[in-house]
Amino acid sequence: MNDDSANGKYVLDAQGLHVWYGDFLALRDVNLKIERKKVTALIGPSGCGKSTLLRCFNRMNDLIAGARVEGKIHFNQDDLNSNDVDPTEIRSRIGMVFQKPNPFPKSIYDNVAFGLRINGYSGNVEEAVERSLRGAALWDEVKDRLNKGAQTLSGGQQQRLCIARALAVEPEVILMDEPASALDPVATLAIEELIRELANQVTIVIVTHNMQQAARVSDETAFLMVDENRSGYLVERGETNQIFTEPKDERTEAYITGRFS
Amino acid sequence: MKAQRLDDAKVADTKGSGKPRRKLGGLIIKGILFLCALVSILTTVGIVVSLVVQAWGFFVEVAPIDFLTGTRWSPILKPRSYGVLPLVAGTLLVTAVAAIVAIPIGLATAAFLSEYAPDKARRILKPILEVLAGIPTVVYGYFALTFVTPRIQDWLFPDMLVFNALSAGLVMGLMIVPMVSTLSEDAMLAVPRSLREAAYALGATRVEVSLRIVIPAALSGIVAAFIIGLSRAIGETMLVTIAAGATPKLTLNPLESIQTMTAYIVQVALGEAPRGSAEFNAIFAVGSLLFVMTLGMNLLGHWVVTRWRLKY
């Protein structure tokens with residue numbers, strides 16, 4: 001291990017994070033560390049700010065009019081929320097996969113190559129596309145029709161294409177916002193297997209409201225709740241095993257055992 | 001009396017015969033709506049019939065082939081000649097100048113409004129565009145003739161004629177900018193937010209999202225906007241009558257005075273051509289051709305929208 005902050009245990013570190021949408025405090029005082037090359041699941045009831053928190057990690061909240069973020073998020077040494085940080089540069093290093101598959105209305109090949117082209121990739125684009133599609137366990141299914149439109153793929157394939165598209169720019173972190181919630185059980189399983197495999201090379205933060213899924217795919221779990229003002233906050237974070245078997249906080253236990261949802 | 005009616009209605013209701021009455025009401029409404037829809041269909045049919053019938057009178061005297069391929073249009077001065085190509089060329093020349101203005105400005109305006117403008121700027125800009133769209137075309141005509149033409153003569157082409165295709169085309173381009181930009185903007189706004197987010201999440205800048213994602217995804221709608229805007233330019237009458245001249249000429253030089261198809265129709269309609277004469281009937285032949293051209297453009301626009309539409 002060299003420099004602790006650059007290559008240390010944690011790749012992302014949120015400190016005192018608050019998010020407002022206009023006057024509405026959506027997320028209050030979140031302190032959360034994300035471990036490198038692990039899968040961290042964000043769980044909690046609807047409206048607890050899981051997705052809002054996820055979108056802080058790649059500055060996607062910038063795109064929402066009226067959204068305001070306070071607090072620090074260290075990404076390696078850089079503070080993501082500092083004014084000197086170029087959000088487009090951050091987003092090329094922290095990728096994102098969305099709830100509904102959203103491939104571009106372009107060919108399969110162009111979908112994967114998009115990120116490479118806009119980021120001025122200097123290597124061989126064709127090879128990078130193949131590598132990314134293999135990485136997303138999609139290559140064998142699409143290698144003979146790379147020039148076909150992405151919309152010809154099934155929902156599960158489209159979502160794996162979106163993962164390949166995110167992988168292509170070789171991000172350090174991939175944020176996944178309920179990536180399997182729009183998919184059938186078989187496609188969901190494929191995505192979950194893929195997430196486990198990807199954890200060897202990238203850090204993954206996944207929002208899910210499916211607790212079995214969180215238990216299956218994640219190493220770490222963070223549990224968020226929503227208070228009486230509808231503001232989300234972090235209750236606890238720990239190893240997934242520990243969270244699901246012996247949570248420290250009784251609210252976590254109540255949620256996990258299904259006493260509320 | 002009133003109470004009596006109310007009672008009747010109640011009785012009718014309890015017997016369940018209120019329903020047929022409501023059904024009848026529905027039928028009447030349906031009939032009225034159908035008649036209203038019929039008005040526009042009948043109008044279209046009427047226009048086509050009157051055009052064809054009177055154009056027929058013209059084509060009895062002048063062979064259609066001479067009309068469509070002739071290069072000299074001189075319906076009044078002898079020797080008479082009814083070659084429509086100079087009028088078509090004039091129309092297309094003005095339209096081309098308008099397209100050069102309207103397509104880039106309209107597209108850029110649409111991209112600005114849909115991708116860049118904060119709410120505040122939109123709230124100011126949209127009404128201005130709507131005002132621009134609402135100015136009568138005769139005003140645009142005099143704007144071209146008395147403001148744009150002298151400026152072009154002063155700054156660029158001192159030898160340019162007072163009536164010319166260039167300033168008419170430039171102003172016509174400005175005139176159709178609101179139409180092109182509004183229709184293009186609608187097409188861009190229809191591109192789902194999820195596609196923009198996907199591109200931003202890969203590190204795309206706003207320009208890259210606009211140029212590489214939104215515009216390609218909205219292309220069918222944008223092309224349709226261009227086509228509809230240009231078909232409006234082809235049919236535009238007042239502006240070109242005032243500013244482009246009345247000299248049918250087969251030329252590609254926009255500095256010259258020309259005459260468009262529409263301007264010829266106005267000229268004859270206002271002039272002393274005797275009803276039933278060839279030069280009078282010629283306006284219906286020209287009108288038919290104009291109708292076919294704009295119809296073709298609109299069909300092309302429709303085809304582009306349905307055929308090229310990308311699924312997302």
Side-chain angles (χ1 to χ4, degrees), chain A residues 54-55 57-66 86-107 110-121 149-153 158-159 161-171 173-177 182, chain B residues 107 110-126 184-225 303-312:
Chain A
L54 193 73
R55 296 167 71 96
F57 290 134
N58 64 346
R59 298 268 304 257
M60 283 301 265
N61 287 320
D62 289 20
L63 303 176
I64 297 171
D86 174 7
T88 62
E89 201 256 321
I90 290 301
R91 293 184 198 125
S92 69
R93 292 164 65 194
I94 303 181
M96 193 167 208
V97 175
F98 297 83
Q99 192 167 352
K100 270 199 12 235
N102 55 356
F104 300 129
K106 299 174 186 285
S107 71
D110 286 340
N111 262 276
V112 183
F114 181 83
L116 299 166
R117 288 178 181 145
I118 59 167
N119 288 304
Y121 184 68
Q151 266 65 22
T152 61
L153 299 174
Q158 288 188 12
Q159 194 61 306
L161 178 65
C162 292
I163 293 175
R165 181 174 69 185
L167 282 175
V169 292
E170 298 183 7
V173 183
I174 296 186
L175 310 171
M176 298 187 174
D177 191 355
Chain B
L107 186 58
F112 175 74
L113 284 173
S114 134
E115 304 304 309
Y116 286 81
D119 256 10
K120 226 177 179 177
R122 264 175 85 94
R123 272 203 295 271
I124 297 169
L125 231 121
K126 287 286 278 187
S184 304
E185 190 202 352
D186 288 346
M188 291 186 201
L189 287 176
V191 174
R193 189 182 161 79
S194 65
L195 291 186
R196 294 183 175 84
E197 289 202 320
Y200 281 121
L202 287 164
T205 60
R206 219 174 257 266
V207 179
E208 285 162 343
V209 172
S210 308
L211 291 182
R212 295 183 182 228
I213 300 297
V214 177
I215 290 179
L219 197 62
S220 71
I222 293 170
V223 171
W303 181 80
V304 164
V305 168
T306 50
R307 180 71 186 73
W308 280 10
R309 181 158 35 211
L310 294 166
K311 284 195 202 114
Y312 35 67

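Below, read A as the first sequence line, B as the second, and so on, with proteins coming before strands; counting in each chain starts at 1. Since we're looking at a predicted model, the values are computed, not measured.
- Heavy atoms closer than 4.5 Å to chain B are found nowhere in A:L175, neither backbone nor side chain.
- Annotation for A:C162 and A:V97: closest pair O-CG2, 4.3 Å, computed over non-hydrogen atoms.
- With chain B as partner, the option from A:V169, A:D86, A:L63, A:I94 having the largest number of non-hydrogen pairs under 4.5 angstrom is A:L63.
- Scanning residues 202-209 of chain B against chain A with a 4.5 Å heavy-atom cutoff picks out B:L202, B:G203, B:A204, B:T205, B:E208, ordered by number.
- Applying the side-chain hydrogen bond (donor to acceptor under 3.5 Å, both in side chains) test to A:K100 and every residue at least two apart in sequence or in another chain returns nothing.
- In this structure, no portion of B:R196 lies under 4.5 Å from any heavy atom of chain A.
- Residue B:S114 comes nearest to B:M188 through the heavy atom pair OG-CB, 3.5 Å, listed as atom of the first residue, atom of the second, then distance.
- A salt bridge is absent between A:D177 and A:R55; no separation between the charged side-chain nitrogens and carboxylate oxygens falls under 4.0 Å.
- In plain terms, the two heavy atoms of A:G149 and A:T152 that are nearest each other are O-OG1, 2.6 Å.
- Of all heavy-atom pairs between A:D62 and A:P87, the closest is OD2-CG, 3.9 Å.
- For chain B, the nearby parts of A:R165 are the backbone and the side chain; heavy atoms of each come within less than 4.5 Å.
- The nearest pair of heavy atoms linking A:F114 to B:I213 is CE1-CD1, 3.5 Å.
- Between B:K126 and B:L113, the shortest heavy-atom contact is CD-CD1, 3.9 Å.
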